[in-house]
**Q** 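Let me give you the structure first, and then I'll get to my questions.
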Amino acid sequence: MVSSIVSFSGSTSINSVRLAFSAKTKVVKPLLSLLLRTSPIASMTYEKEFAAAKKAASIAAKLCQKVQTALLQSDVQSKSDRSPVTVADYGSQALVSFVLERELHSESFSVVAEEDSEDLRKDSGREMLERITKLVNETLTCDETYNVNPLSAEDVLKAIDSGKSEGGPHGQHWVLDPIDGTKGFVRGDQYAIALALLDEGKVVLGVLACPNLPLAPIVSHDQHSSQNQVGCLFYAKVGCGTYMQSLDGSSPTKVHVSAIDNPAEASFFESFEAAHSLRDLSGSIAKKLGVQAPPVRIDSQAKYGALSRGDGAIYLRFPHKGYREKIWDHAAGFVVVTEAGGVATDAAGNPLDFSKGKFLDLDTGIIVTNQKLMPLLLKAVRDSLSEAQSASSM
Ligand SMILES: Nc1ncnc2c1ncn2[C@@H]1O[C@H](COP(=O)(O)O)[C@@H](OP(=O)(O)O)[C@H]1O
Ligand SMILES: [Mg+2]
Ligand SMILES: [Mg+2]
Ligand SMILES: [Mg+2]
């Protein structure tokens, strides 16, 4: 559900105030932090970071699109070679770090990212590193924003590891999944470049670039929509709502989650990959809710983006026992969907906690929907889980 066209303006000097204070004593900083979080102007902060994140994800998306196009045109034999995907993962991560550092000149650059350069630094990684370096330089040249000397292989390695961190409850940390939905990327389906910023353990902004997601709703009553343009950029900042624009740069549109309050009319998302989520469980929950529509299975955090604009009303994710969710698989999607009016919790209804390092500590799974459906969904989840538990103990 897409509503009015809005653009961000009305900057304040709150960032400069922050900077000035941040250099001061340890006493002032927490006080200022508290003030900013409780003040109505808190939502006006992070403007520079927000702009940098959008730019970084958009440039990385260009690199990924280029690799995916080449991958899909290649023959069957080279399709089974996974190296193009790896090249895109590393290339995307290097570009995002490069852009963030260039734009922000931050003294304490910290990134919790999925990839690192360890394998690339080995002799066996040399050829791949050359391919990545070439790709990164080609993408930067095409973009024309940065008039820089070509990056060397060493620059690329440094960018991949730049600010490497485990996150945590204090300070600011970027959270990056350079390609989320790797399996979808290989198939030519959905994937996302997912970038979020944590501040004192909370996700304060997030950007999702979804190069293959149609601009038109993917769960639509109008199956004959003439709009088949793909490539969406979703972005959200705490207190400011969620916006979507085309990756080509159309004007932003404010988006909202579905307003459906009758679960029978809702459709639900889950992973395309059967191994990523327990389908028996999501099927049982959907049945209890009376959901009529079949599940919509797509890869990556594109699910959060689609949900944030009201394509479907529920996202169910129940990994197999023992799987630990990583923050980069959810941080950007979380703020995109919650700022659009959605609610995302674990299976017991606890808020998602991004402050514990690179893992999300969860009770069983992740569920996302709108405010009205959440109580019904939680009950269906509770009932289905206890049924599954008693069945397994028999
Ligand atoms: N067995 C498993 N259960 C749940 N998630 C898994 C999984 N194996 C991998 N994943 C995660 O699922 C992500 C993709 O999400 P989705 O299932 O929504 O498409 C992967 O991100 P990457 O593709 O970045 O590695 C990976 O982190
Ligand atoms: Mg991922
Ligand atoms: Mg990934
Ligand atoms: Mg991965």
Side-chain angles (χ1 to χ4, degrees), residues 57 60-61 63-64 67-68 71 82-94 96 111-120 160 167 174-196 203 206-213 218 234 268-282 295-308 311-312 314-337 344 346-347 352 354 357-368:
L63 179 146
C64 298
V67 177
Q68 197 186 47
L71 184 68
R82 292 191 49 82
S83 67
V85 192
T86 320
V87 166
D89 276 319
Y90 287 128
S92 170
Q93 183 158 321
V96 168
V111 191
V112 189
E114 184 178 5
E115 314 299 340
D116 67 52
S117 76
E118 195 184 330
D119 289 344
L120 282 180
I160 290 169
W174 290 99
V175 181
L176 170 64
D177 194 336
I179 294 187
D180 181 42
T182 319
K183 298 238 164 92
F185 181 84
V186 181
R187 262 187 267 107
D189 288 341
Q190 296 304 325
Y191 66 98
I193 293 92
L195 178 62
V203 188
V207 177
L208 280 181
C210 305
N212 286 341
L213 191 69
I218 53 169
F234 295 91
F268 77 94
F269 290 102
E270 64 182 354
S271 288
F272 185 93
E273 291 293 325
H276 291 186
S277 202
L278 296 166
R279 288 188 175 171
D280 287 353
L281 191 55
S282 48
V296 182
R297 292 175 175 149
I298 62 170
D299 304 279
S300 83
Q301 288 171 70
K303 290 188 275 297
Y304 284 105
L307 211 66
S308 77
D311 305 5
I314 300 168
Y315 171 19
L316 301 174
R317 186 182 189 90
F318 292 95
H320 290 268
K321 207 169 166 33
Y323 181 80
R324 293 183 80 188
E325 294 281 6
K326 267 67 98 213
I327 58 171
W328 53 74
D329 279 326
H330 299 281
F334 169 81
V335 67
V336 161
V337 82
D346 73 7
L352 302 184
F354 292 90
K358 70 176 186 175
F359 294 107
L360 275 172
D361 277 336
L362 292 172
D363 183 325
T364 317
I366 294 178
I367 55 177
V368 190

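Counting convention: from 1, in listed order, for ligands and their atoms alike. Scope of the values below: all heavy atoms of this structure, side chains included, with no hydrogens, waters or symmetry mates. This structure is a prediction, so every number in the text was calculated from the model and none was measured.
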**Q** Going by distance only, is there an N or O of Ile179 that falls short of 3.5 Å from an N or O of ligand 1?
**A** yes
**Q** Please, which pairs that meet salt bridge (charged side-chain N to carboxylate O under 4.0 Å, His left out) have at least one residue in residues 325-336, sequence neighbours excluded?
**A**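 Counting only pairs at least two positions apart or across chains, the salt bridge (charged side-chain N to carboxylate O under 4.0 Å, His left out) contacts touching residues 325-336 are Arg317-Glu325.
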**Q** Looking only at distances, can you tell me whether any N or O atom of Asp177, backbone or side chain, sits closer than 3.5 Å to an N or O atom of ligand 1?
**A**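 N/O-N/O distance under 3.5 Å: yes.
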**Q** Report the atom name of the nearest N/O/S atom of Asp329 relative to the Mg ion (ligand 2).
**A**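 That would be atom OD1.
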**Q** When you look for heavy atoms under 4.0 Å from ligand 1, do you find them on the side chain of Asp329, its backbone, both, or neither?
**A**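 Under 4.0 Å from ligand 1, Asp329 contributes side-chain atoms alone.
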**Q** Are Lys303 and ligand 1 in contact, using a heavy-atom cut-off of under 4.0 Å?
**A**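 Yes; Lys303 lies near enough to ligand 1 that a heavy-atom distance drops under 4.0 Å.
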**Q** If you measure only the distance, is there a donor-acceptor pair under 3.5 Å linking the side chains of Glu270 and Ser277?
**A**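 Ser277 and Glu270 do not have a side-chain donor-acceptor pair below 3.5 Å.
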**Q** Applying a heavy-atom cut-off of 4.0 Å, say which part of Ser277 lies close to ligand 1: side chain, backbone, both or neither.
**A** neither
**Q** Who's the nearest protein heavy-atom neighbour of atom 15 (O) of ligand 1, and how far?
**A**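 Scanning the protein heavy atoms, the shortest distance from atom 15 (O) of ligand 1 goes to Arg317 NH2, 3.4 Å.
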**Q** Check the surroundings of atom CG in Asp361: do more than 12 heavy atoms from other residues, nucleotides or ligands lie under 6.0 Å from it?
**A** yes
**Q** Mark the output for Gln301 as yes if a heavy-atom distance to ligand 1 is under 4.0 Å, and as no if none is.
**A** no
**Q** Output the list of atoms in ligand 1 that are nearer than 4.0 Å to some heavy atom of Ser271, sorted by atom number.
**A**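 Reading through ligand 1 atom by atom, the close ones are 16 (P), 17 (O), 18 (O).
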**Q** For ligand 1, is there an N or O atom under 3.5 Å from any N or O atom of Lys326?
**A**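 Not met; the criterion fails.
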**Q** Parallel, tilted or perpendicular, judged at 30° and 60°: which one describes the rings of Phe354 and Phe334?
**A**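 The arrangement is tilted - the two ring planes meet at 30° to 60°.
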**Q** Polar-atom distance check: Glu325 versus ligand 1, any N or O pair below 3.5 Å?
**A**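 No; every N/O pair is 3.5 Å or more apart.
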**Q** Do side-chain atoms of Ser92 reach the backbone of Pro178 as a donor and acceptor pair under 3.5 angstrom?
**A**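 Side chain of Ser92 to backbone of Pro178, a donor-acceptor pair under 3.5 Å: yes, one is there.
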**Q** Which atoms of ligand 1 sit under 4.0 Å from any heavy atom of Thr182?
**A** 22 (P), 23 (O), 24 (O), 25 (O)
**Q** Examine the proximity of ligand 1 to Glu273 and report which part, side chain or backbone, both or neither, has a heavy atom under 4.0 Å away.
**A**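 The answer is neither.
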**Q** Among protein heavy atoms, which sits nearest to atom 1 (N) of ligand 1, and what does the distance come to when rounded to 0.1 Å?
**A**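 Checked against all protein heavy atoms, atom 1 (N) of ligand 1 sits closest to Ala275 O, 3.4 Å.
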**Q** Should Glu114 be counted as touching ligand 1, given the test is an N or O pair under 3.5 Å?
**A** yes
**Q** Heavy-atom contacts with Gly181 under 4.0 Å: which atoms of ligand 1 show up? List them by number with element.
**A**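 Checking each atom against Gly181, I get 22 (P), 23 (O), 24 (O).
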**Q** Look at atom 9 (C) of ligand 1 and say which protein heavy atom is nearest, naming residue and atom and giving the distance to 0.1 Å.
**A** His276 NE2, 3.5 Å
**Q** Do ligand 1 and Ser300 have nitrogen or oxygen atoms that lie under 3.5 Å from each other?
**A**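 Between Ser300 and ligand 1, an N or O pair is found under 3.5 Å apart.
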**Q** Go through the steps to decide whether Val337 and Tyr315 satisfy the test side-chain contact (heavy atoms from CB on, under 4.5 Å), and finish with yes or no.
**A** CA-CA 11 Å; Val337 82; Tyr315 171 19; over 6 Å; no
**Q** Would you say Trp328 and ligand 1 have an N/O pair spaced under 3.5 Å apart?
**A**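 No, since none of the N or O atoms of Trp328 sits under 3.5 Å from an N or O of ligand 1.
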**Q** With a cut-off of 2.8 Å, which protein N/O/S atoms are close to the Mg ion (ligand 4), if we only count those under it?
**A**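 Near the Mg ion (ligand 4), below 2.8 Å, one finds Glu114 OE2.
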**Q** For Asp299, take its heavy atoms, then give the atoms of ligand 1 lying under 4.0 Å from any of them.
**A** 19 (O)
